[in-house]
Amino acid sequence: MARHLITSALPYINGIKHLGNMVGSMLPADVYSRYLRQRGHEVLYICATDEHGTPAELAAKEQGLPVDEFCASAHDAQKAVYDGFALAFDYFGRSSSPQNVEITQHFARRLNENGFIEERAIRQVYSPADGRFLPDRYVEGTCPHCGYDKARGDQCENCTRVLDPTDLIQPRSAISGSTDLEVRETKHLFLLQSKLQHEVEEWVARHEEEWPQLAASIARKWLNEGLHDRAITRDLDWGVPVPADTWPDLAAEGKVFYVWFDAPIEYIGATKEWADQDPENRDWKSWWYDADATVRYTEFMAKDNVPFHTVMFPATELGVREPWKKVDYVKAFNWLTYYGGKFSTSQKRGVFTDQALDILPADYWRYFLIANAPESDDSSFTWEHFTATVNKDLADTLGNFVNRVLSFSKKRFGEAVPAGGEPGEAETRLGTEIATLLAEYEAQMEALQFRKAAAALRALWSAGNSYLEEKAPWLEIKTDKDGAALTLRTAMNLIHLYAVVSEPFIPGTAAAMRQAFSLEEDTATWITPDEARALTTVAAGTPFTVPPVLFAKLTDDDLDAYKERFGGEPQPA
C-alpha cells in the first residue's frame, strides 16, 4: 500500500475558526485520511497552528497578553475544538516550535547560498505615533482594486488580491488608528522568485493536469502574471529570527521571517515535532526528504491559500537545491458563504466551530459540511438548508433506519440477530445494488470528490430503506415469521456495513452503530464487494442492543432559535 502524506492549511492562531475554515481544509483532509487508513494505506496527517505574523501580535495585544502566552493558550483552545470535531491528526503542531525555527533558518541559508535571497533597502510605512515600522497587517485601508475599506496591507479579504501596505488608499495604523504615517527606508531580505519563474512553471506544468481546475487555474494565473521578488522578513517581535551567522545586521535589528515564508515550512517542522516525540520509531525525513518515489503528498486548502502552496512554497523548495518533497495533488475549495455573504474571522460573521459544537454534536456538522463542500463553486450555509439536510439524510434516512430495524427486531425476536430463512431474490438484488453503490462511493473518495462521495453514501443508506419498505417485515411477520427474520438479519448487516463505510464522514455515529453488535472479532476496516453482495458479516445469534437516537430531528423552534442567535442573513461587511 502507498504512503500518503496529508496536510491542511494551517489555521491562524488569532481566534477560533468558522465553519468555512473547517470545510475548506481540515475536515476534508480528515475525511480523506480516515478513508485511506481504512483502505490499508500508511497515512501521516499533519497540521499546526500558524502563530507568526501580525495577526498573532494584534490578537495578543487586544487581550493584554505576551504574544507567546497568547499563542500557547490559543493553540490549546483551537486543538480542543478540533478534537471536538473528531479530527484525527497524527500531529497538530505549532509554527513557533524550535523545529520550525531550525528548518526555516536552514532553508533561508541554503536559498542565500544559491543566490535566491537578496538584502534590499526599501521604503516602508512608519508610524510616529507608535514609534515603529508597521508590517503589512499593521496597516489597514482601502483596497485599490475593489474599494474594500477594511483591506489589510498584505491581502484584501474581499477580492483576495495580494497587496503591499503602500498600495492602500487612506492607510491607517492597526495599532493606534493613526493616519499620520510616513514612509522611511529600512532593509529587508527578498526571495528572488523571478529567478525561479521558469523552474516553477516547469514544475506546475508536470502537475496541473491532475489538479482540480480551481487549483490549476490559480497557479497558472500567478505564473502568467509573472513571479515577483518578495520581502521575506518583517519588523516584528514575534517570529522565526533571521540567523545572526548569515545576516548579523538584520538580526541585530530584530528582523524575523515573514509568516508566508515560515508557515509552509512548518509542515516539515510539525512532522519533525511528531518524530521527535518517538525518535526510535518515527523518521520525519522519510516523509519529506528524497521521498518522491515513496510518498504521495496531498494538500487541502481554500482558494486564498492556493498561490502560496502551488507557486511560492514550491519556489522556496526548488531554490534550496535539496530534494524536499513537493505536493503531488492540491485539493482546493471555493468559499462556504453565510446566506451568500462571506464568513469572516476578523468581522466575526457566521457560525464558528466552537459555537457549532455547543449546538449539536460533531457528526451533524461533519456530514452537512462535506455533503455541501464548495468544490466546483461557492456554496451557501443557511439554517434552513442545514436543518433540512439533518432531518432528511441523517435523522430519517440513516437514523430512523437503524432505530426501527433494531427496535422492531428486539420487540419481536429478542436481543439477538434472528436467523430466518435463506436469502431470496430481493436480497440478491439488494446485494448487487449495495456492491455497485459501494464501488461508486470508493471511486468518488479516491477522486477526492467529496460532494459526490456524500451522495453515494446517502444512496447506500437509501437502499436500505427501499429494501425495508419493499419487504415490510412489520407485515411479513404476520404470515412468514422466517421471512421477516431474514429481512431484519439482512437489514442488520446493512447497519454494520454502514458503520464501517460511514466512518470517514460520521465517526462518532459509526462507532455507535458498530458497537450495537456484540461481535467477538469485529476487525473489519472496509467492506469487500463480495461481503457487500453477501451481507452476512453479522451472523444469526449475535447479541445486539438498540443505541440511543443517532440523530435528533430539528424542529421549527430549533430553526427559529438558530436564526435569532446568528441571524438569517449576513451582517453588513
Side-chain angles (χ1 to χ4, degrees), residues 8 16-32 34-35 81-82 84-87 300 302 333-341 343 350-402 441 444-445 448-462 498 501-510 512-513 549-556 558-559 561-563 565-568 570:
S8 52
I16 300 300
K17 304 300 108 178
H18 54 67
L19 294 181
N21 297 128
M22 177 62 69
V23 73
S25 59
M26 291 172 284
L27 180 56
D30 178 74
V31 170
Y32 187 56
R34 287 176 175 274
Y35 171 76
V81 172
Y82 304 146
F85 266 85
L87 301 184
F300 291 79
F333 291 87
N334 288 283
W335 303 125
L336 177 70
T337 66
Y338 185 71
Y339 283 85
F343 279 85
V351 185
F352 288 73
T353 49
D354 57 343
Q355 298 169 329
L357 293 177
D358 284 342
I359 296 171
L360 291 166
D363 282 357
Y364 289 73
W365 302 103
R366 288 178 62 103
Y367 176 79
F368 174 82
L369 291 172
I370 293 297
N372 297 280
E375 291 177 293
S376 59
D377 205 346
D378 292 350
S379 60
S380 179
F381 177 92
T382 70
W383 288 109
E384 290 84 355
H385 188 199
F386 175 73
T387 56
T389 300
V390 166
N391 289 345
K392 181 180 179 182
D393 293 358
L394 297 179
D396 288 344
T397 304
L398 178 61
N400 187 49
F401 175 80
V402 173
Y441 177 51
Q444 299 301 342
M445 289 292 282
L448 285 85
Q449 293 294 318
F450 291 101
R451 293 181 71 145
K452 292 179 179 178
L457 182 60
R458 186 188 311 118
L460 278 165
W461 300 341
S462 295
Y498 295 161
V501 303
S502 302
E503 193 265 348
F505 280 71
I506 46 173
T509 306
M513 288 191 287
V549 173
L550 298 180
F551 295 99
K553 292 197 76 166
L554 304 181
T555 67
D556 289 342
D558 292 325
L559 175 60
Y562 301 151
K563 293 178 69 175
R565 177 177 176 183
F566 295 98

Show the numbers, then the answer: is there a ring-ring contact (aromatic ring centres under 6.0 Å, His included) between Tyr338 and His18?
-> CA-CA 10 Å; Tyr338 185 71; His18 54 67; over 10 Å; no
Considering only distance and modelled atom types, tabulate donor-acceptor pairs under 3.5 Å from the side chains of residues 350-362, sequence neighbours left out.
| from | atom 1 | to | atom 2 | distance (Å) |
| --- | --- | --- | --- | --- |
| Thr353 | OG1 | Lys17 | O | 2.8 |
| Gln355 | OE1 | Phe352 | N | 2.9 |

What are the two closest non-hydrogen atoms of [X] and [Y], and how far apart are they?
X	Y	result
Val31	Met445	CG1-CE, 3.7 Å
Val23	Leu369	CG2-O, 3.3 Å
Leu336	Pro374	N-CG, 3.9 Å
Leu19	Trp365	CD1-CZ3, 3.8 Å
Arg366	Ala86	NH1-O, 3.3 Å

Find the distance between [atom1] ([X]) and [atom2] ([Y]) and round it off to the nearest 0.5 Å.
X	Y	atom1	atom2	answer
Phe333	Ser379	CZ	OG	10.0 Å
Asn21	Met26	CG	CE	6.0 Å
Leu559	Thr387	CG	OG1	4.5 Å
Trp335	Asp377	CH2	CG	13.0 Å
Tyr35	Glu503	OH	CD	12.5 Å
Leu87	Leu27	CG	CG	6.5 Å

Fill in: Pair listing, side-chain hydrogen bond (donor to acceptor under 3.5 Å, both in side chains) test, anchored in residues 451-462, at least two apart
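Those involving residues 451-462 are Tyr367-Arg458, Asp393-Arg458, Trp461-Ser502.
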Are any of the side-chain heavy atoms of [X] and [Y] separated by less than 4.5 Å?
X	Y	result
Leu550	Leu394	no
Pro507	Arg34	yes
Glu375	Asn334	no
Leu448	Phe300	yes

Exercise for the section: Could you check whether the rings of Tyr364 and Phe551 sit parallel, tilted or perpendicular, using 30° and 60° as the cut-offs? Expected result: perpendicular
In terms of the angle between their ring planes, are Trp383 and Phe381 parallel, tilted or perpendicular, with boundaries placed at 30° and 60°?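 Aromatic pair Trp383/Phe381 classed perpendicular.
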Next item on the list: Please test Asp363 against Thr509 for side chain to side chain donor-acceptor pair (under 3.5 Å), starting from the C-alpha separation and ending with a verdict.
Entry: CA-CA 7 Å; Asp363 282 357; Thr509 306; 2.7 Å; yes
One pair to check against side chain to side chain contact (heavy atoms under 4.5 Å, CB included): Leu398 and Met513. What are the steps and the verdict?
CA-CA 10 Å; Leu398 178 61; Met513 288 191 287; 4.1 Å; yes
- prompt: Any Lys/Arg nitrogen of Asp558 or Lys553 sitting under 4.0 Å from an Asp/Glu carboxylate oxygen of the other?
  reply: no
- prompt: Would you say the side-chain atoms of Glu384 and Tyr339 include a donor-acceptor pair closer than 3.5 Å?
  reply: yes
